[in-house]
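Heads up: the structure comes next, in structure tokens.
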Amino acid sequence: MAIRDKLIFIYSLTLIGIMIWIGLILLAPYLQSQSSVLAKFIYTVFAPTCHQISSRCIHAFGYPLAVCARCMGIYAGFFLGTIFYPLIKGFSAPSLPQAKLIILVSVPIAMDAVGNFLGIWMSSNWIRLITGALWGIILPFYFLAGISEYFLRQNKRSISRNLS
Amino acid sequence: MKDQRPGMFVPALIGGATAGVLSGIPFINCLCCLWIIGGGMLAAHFLSKDSPLPPTAGDGAIVGIFAGIIAAIVGFLISLPFSALSEKFVQGMMDRFSKYYEDMPSGFERFFSEGAFETSVAWTLIGLVFSVVIYSALGALGGIIGISLFGKKKVQTERGVVDVSKNTGDRQP
């Protein structure tokens, strides 16, 4: 498989993964409203990664989503970032974004989280969603660069082993 | 060159154990997945510190995956006594309320027994298996971010201290 094809393959898997991930989060309240046992399964799957406090969650069909508003924002941002990734980075050699970029997008979510934690202010769920999304949108640029670099390195190693 | 690849166990153990403890304790675990990403970053920091070569983003991903697996197991073990405590608390509440049974609205027992307090071995194990998978992905993300933040190293050579820029893998053998 050519390098470009490999990168497209890794990208496609990531995109499908995050789509399934967000689909499950949105599906949970609907299934709960239908009293389906699958709802409990989805809430259980997401429980270790999120506190799932009902007042901190966006509600649909009368029930909370499977994760809180901030986590939902992060995953929605990750999805958006993955969509934009080929337009910005393309499928050439993977490279990490500059470190200052992650520091910059971390400021709103960090300020909001610290302010809420210390009780200085109480943000609405929509603010949590937006600050989470701002942070999440940059994450695929790191994730895809790191994972692609690892697999390309393995590829190079196996080629050099075959040559020697 | 191959021998110079960094040892990943200790950094992954430190990052994973820290993330697992913080994500397993109630109230502190309000930062959700951010603890796991933070654990991956911590592992990448120690990897970068201990490594003779500047680690690559791929190294960060791998150490992050290991940190995520360790965090899932540690978090699971830490959360066990807390979930047992919360079950005891709910049981105590139900016992107290049952003394005032006639004054309580109908269906109050179902109110407490439904939802988050319902636990079983099967559901707990399902949660553990999925958390290993999810924490691995989040740990990998943290590890990669950690390399972008801490990956720059100064290497001592015969000519003096040289700044080595972040290695994204292009210079790998």
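Below, read A as the first sequence line, B as the second, and so on, with proteins coming before strands; counting in each chain starts at 1.
- Neither the backbone nor the side chain of B:Ile36 comes within contact range of chain A, judged by heavy atoms closer than 4.5 Å.
- A:Tyr150 has its side chain out of reach of B:Thr56: every pair of non-hydrogen atoms, C-beta onward, lies at least 4.5 Å apart.
- A:Ala47 does not touch chain B: none of its heavy atoms, backbone or side chain, sits under 4.5 Å away.
- Shortest non-hydrogen contact noted between B:Asp59 and A:Arg153 is OD1-NH2, 3.0 Å.
- Residues A:Phe143 and A:Ile83 are members of one and the same hydrophobic cluster, defined by side-chain heavy-atom contacts under 4.5 angstrom among Ile, Leu, Val, Met, Phe, Trp and Tyr.
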Legend entry - Verdict with supporting geometry, A:Thr44 and B:Phe130, side-chain contact (heavy atoms from CB on, under 4.5 Å): CA-CA 9 Å; A:Thr44 304; B:Phe130 278 95; over 6 Å; no
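- Residues A:Trp135 and A:Met111 do not share a hydrophobic cluster, clusters being chains of Ile/Leu/Val/Met/Phe/Trp/Tyr side chains in contact below 4.5 Å.
- Contact of B:Leu128 with chain A is not made at all, since no heavy-atom distance falls under 4.5 Å.
- Only the side chain of A:Tyr75 has a heavy atom closer than 4.5 Å to any heavy atom of chain B.
- Contact detail for B:Ile144 and A:Tyr142: the closest heavy-atom pair is CG2-O, 3.1 Å.
- When the shell of 6.0 Å around CZ of B:Phe66 is examined, it contains 12 or fewer heavy atoms from other residues, nucleotides or ligands.
- By the rule that hydrophobic residues join a cluster once side-chain heavy atoms approach within less than 4.5 Å of another member, A:Leu38 and A:Ile20 end up as members of one cluster.
- Under the 4.5 Å side-chain heavy-atom criterion for ILVMFWY residues, a single connected hydrophobic cluster contains both A:Leu144 and A:Ile3.
- Nearest approach of A:Val45 to B:Ile134, heavy atoms of both residues: O-CD1, 3.7 Å.
- Across B:Ser79, B:Ser131, B:Ser23, a single residue satisfies side chain to side chain contact (heavy atoms under 4.5 Å, CB included) together with A:Pro48, and that is B:Ser131.
- Interface summary for chain A: among B:Ala61, B:Cys33, B:Ala137, the most heavy-atom pairs under 4.5 angstrom belong to B:Cys33.
- Using a 4.5 Å cut-off between heavy atoms, A:Ile102 touches chain B through its side chain atoms alone.
- In this structure, B:Leu34 and A:Ile74 have side chains that are in contact, with non-hydrogen atoms separated by less than 4.5 Å.
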Inset, instruction - Give the intermediate values and the outcome of side-chain contact (heavy atoms from CB on, under 4.5 Å) for residues B:Ile145 and A:Leu139. - result: CA-CA 8 Å; B:Ile145 293 171; A:Leu139 299 183; 3.7 Å; yes
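- The neighbour count for A:Phe151 CZ, taken as heavy atoms of other residues, nucleotides or ligands under 6.0 Å away, does not exceed 12.
- Put simply, A:Leu87 and A:Ile8 are part of the same group of oily side chains (I, L, V, M, F, W, Y) that touch within less than 4.5 Å, one to the next.
- B:Phe76 does not touch chain A: none of its heavy atoms, backbone or side chain, sits under 4.5 Å away.
- A:Ile103 touches chain B through its side chain: at least one heavy atom from C-beta onward sits under 4.5 Å away, while N, CA, C and O do not.
- A:Ala99 and B:Ser148 get closest at one heavy-atom pair: CB-O, 3.3 Å.
- The line from OG1 of A:Thr49 to CG of B:Leu138 is 7.0 Å long, rounded to the nearest 0.5 Å.
- Here the CG-CD distance, from B:Leu149 to A:Gln98, works out to 12.0 Å after rounding to the nearest 0.5 Å.
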